[in-house]
Amino acid sequence: MAITTIMTATTIITITAATITTITTTATARTVDSPRRHPSNRNMVLPCGTRSAMTDTQQKPPRKEVNRNPRRNSTRLSSVTTAIHLLKTFTEADQELGISELAKRLDVAKSTVHRLASALLDEGLLQQNPETGRYGLGVGLFSLGSLVRARLDVTTESKLVLNALRQETEENVRLAVLERDHAVFLHDFEGPQTLRLRSSTGQLRPAFCTAEGLCLLSGLRGPQLTHFLKFPRPARTEQTETDEEALLQRIRHVKRRGYAFEDEECDPGTRCVAAPIFNAEGRIVAAVGVAGPRGRIRKSQVPGLAQKVIAAGDEISQRMGFIQRQPIYV
């Protein structure tokens, strides 16, 4: 009788486990199949176990954000980026805008616009109408634009003159502008000689030890020159002069003579004679130079070559609207 009871209990336990397994399997199948019968169920799970994005979208559409600034790629702009966008908000149709309108278009707080406008006003990049209190673009932007225009103009206006100077001297003819503490060569037309210098168009050379750079430095005002002297001046050759007083003396020579002479101070075996180029306002914006091997540009030839370079610089300056030479201050 005891044995029968044990067997019956075992049978019951076996049947119960099978039943539980069947029920669990059925429940799992219903869980997977259920979302397909009810597509509106927010908790729908795909066979791969990923929640359906379409179901969430149907249940709760995402909030549509109104971006009043199409250039904005982030929700929070830096002060510099916001200031740039503020300046670009002004158009020919909207030459004057108030704080409220600027804040609305930029989608930022009025206090932010007021702070940036005050800073731009102090720098001359904005101006304020005293009657209406509205803001407009300042003349400081015109000055910056003039610098860009001058660089583009000198590149265009100089090509014919540079080519003529190359044919006359049969040496490399270069056009350079100042970029921080370097002279940047916008043009470097190679001479027709078999032995010639390699073109350095687009390259940078230290301004303090190149003839073109010295001409550009001669156009800096006191504070600008003081700032330039803070840059390091490492020697490039055995002839490089790095002393500050010697550099200032060479700049004074450029102002007095009207040209600069480079004697292997930047590159070994290379000499160069350069002269400044002036814009319509009488400011030095570029320099033209003739460079070649030491064996062909002899020191005895420098004065005659300098006159040709100065004449080329004057012609380019006249093409840019310059009427008379810059007064020389020794």
Side-chain angles (χ1 to χ4, degrees), residues 154 158 160-178 183 185 187-193 195-197 199-200 205-220 236-241 243 245-278 282-320 322-330:
V154 72
S158 63
L160 292 177
V161 180
L162 296 178
N163 279 316
L165 184 61
R166 178 179 59 174
Q167 293 178 2
E168 183 180 6
T169 62
E170 296 187 342
E171 299 291 356
N172 281 41
V173 176
R174 312 189 297 199
L175 177 75
V177 296
L178 187 64
F185 293 103
H187 288 309
D188 187 354
F189 298 141
E190 294 184 359
Q193 303 278 4
L195 178 61
R196 61 181 182 272
L197 303 181
S199 174
S200 57
R205 294 286 190 276
F208 79 96
C209 62
T210 56
E212 293 89 351
L214 291 171
C215 291
L216 295 167
L217 294 178
S218 68
L220 296 183
R236 289 176 58 93
T237 69
E238 295 180 356
Q239 306 299 326
T240 305
E241 182 61 69
D243 180 68
E245 184 56 38
L247 175 59
L248 294 174
Q249 182 66 23
R250 298 191 68 187
I251 293 175
R252 287 192 287 268
H253 286 168
V254 174
K255 293 182 178 181
R256 183 173 66 251
R257 297 183 301 185
Y259 71 92
F261 175 54
E262 171 193 336
D263 187 9
E264 299 185 86
E265 289 136 330
C266 184
D267 297 305
T270 300
R271 285 175 173 169
C272 179
V273 178
I277 297 174
F278 302 89
R283 297 179 56 187
I284 295 178
V285 294
V288 54
V290 172
R294 173 185 176 184
R296 284 205 302 265
I297 300 182
R298 303 182 181 277
K299 290 186 177 181
S300 60
Q301 300 172 330
V302 170
L305 181 60
Q307 295 304 314
K308 297 177 182 179
V309 178
I310 291 174
D314 287 345
E315 184 175 352
I316 298 173
S317 299
Q318 292 173 6
R319 288 172 175 264
M320 296 182 62
F322 183 65
I323 299 177
Q324 59 182 1
R325 291 193 62 82
Q326 179 85 344
I328 297 177
Y329 302 99
V330 180

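In terms of the salt bridge (Lys or Arg N to Asp or Glu O under 4.0 Å) criterion, residue partners of E190 (sequence neighbours excluded) are, by chain and number, R196. With sequence neighbours excluded, no residue satisfies side chain to side chain contact (heavy atoms under 4.5 Å, CB included) with A164. Applying the side chain to side chain contact (heavy atoms under 4.5 Å, CB included) rule to E168 yields the partners L165, K308; only residues at least two apart in sequence or on another chain are considered. Listed by chain and residue number, D243, A246 satisfy the side chain to side chain contact (heavy atoms under 4.5 Å, CB included) test with E241 (two or more places apart in sequence, or in another chain). Every residue was checked against the side-chain hydrogen bond (donor to acceptor under 3.5 Å, both in side chains) condition with E315, not counting sequence neighbours, and none meets it. Not a single salt bridge (Lys or Arg N to Asp or Glu O under 4.0 Å) links E238 to another residue, sequence neighbours left out. For D267, the salt bridge (Lys or Arg N to Asp or Glu O under 4.0 Å) partners two or more places apart in sequence, or in a different chain, are R205, R236. Remark: F189 engages H187 in a ring-ring contact (aromatic ring centres under 6.0 Å, His included) (not counting sequence neighbours). Listed by chain and residue number, nothing satisfies the side-chain hydrogen bond (donor to acceptor under 3.5 Å, both in side chains) test with E262 (two or more places apart in sequence, or in another chain). For the side-chain hydrogen bond (donor to acceptor under 3.5 Å, both in side chains) test, residues two or more places apart in sequence or in another chain that qualify with Q193 are E170. Qualifying side chain to side chain contact (heavy atoms under 4.5 Å, CB included) partners for Q249, counting only residues two or more places apart in sequence or in other chains: R252, H253.
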For residues 207-220, which side-chain donor-acceptor pairs fall under 3.5 Å, sequence neighbours excluded?
| from | atom 1 | to | atom 2 | distance (Å) |
| --- | --- | --- | --- | --- |
| T210 | OG1 | P206 | O | 3.2 |
| T210 | OG1 | G213 | N | 3.1 |
| E212 | OE1 | R174 | NH2 | 3.2 |
| E212 | OE2 | R174 | NE | 2.9 |
| E212 | OE2 | R174 | NH2 | 3.2 |
| S218 | OG | C215 | O | 2.4 |

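Within the 3.5 Å criterion, the main-chain N or O of E265 finds a donor-acceptor partner in the side chain of T240.
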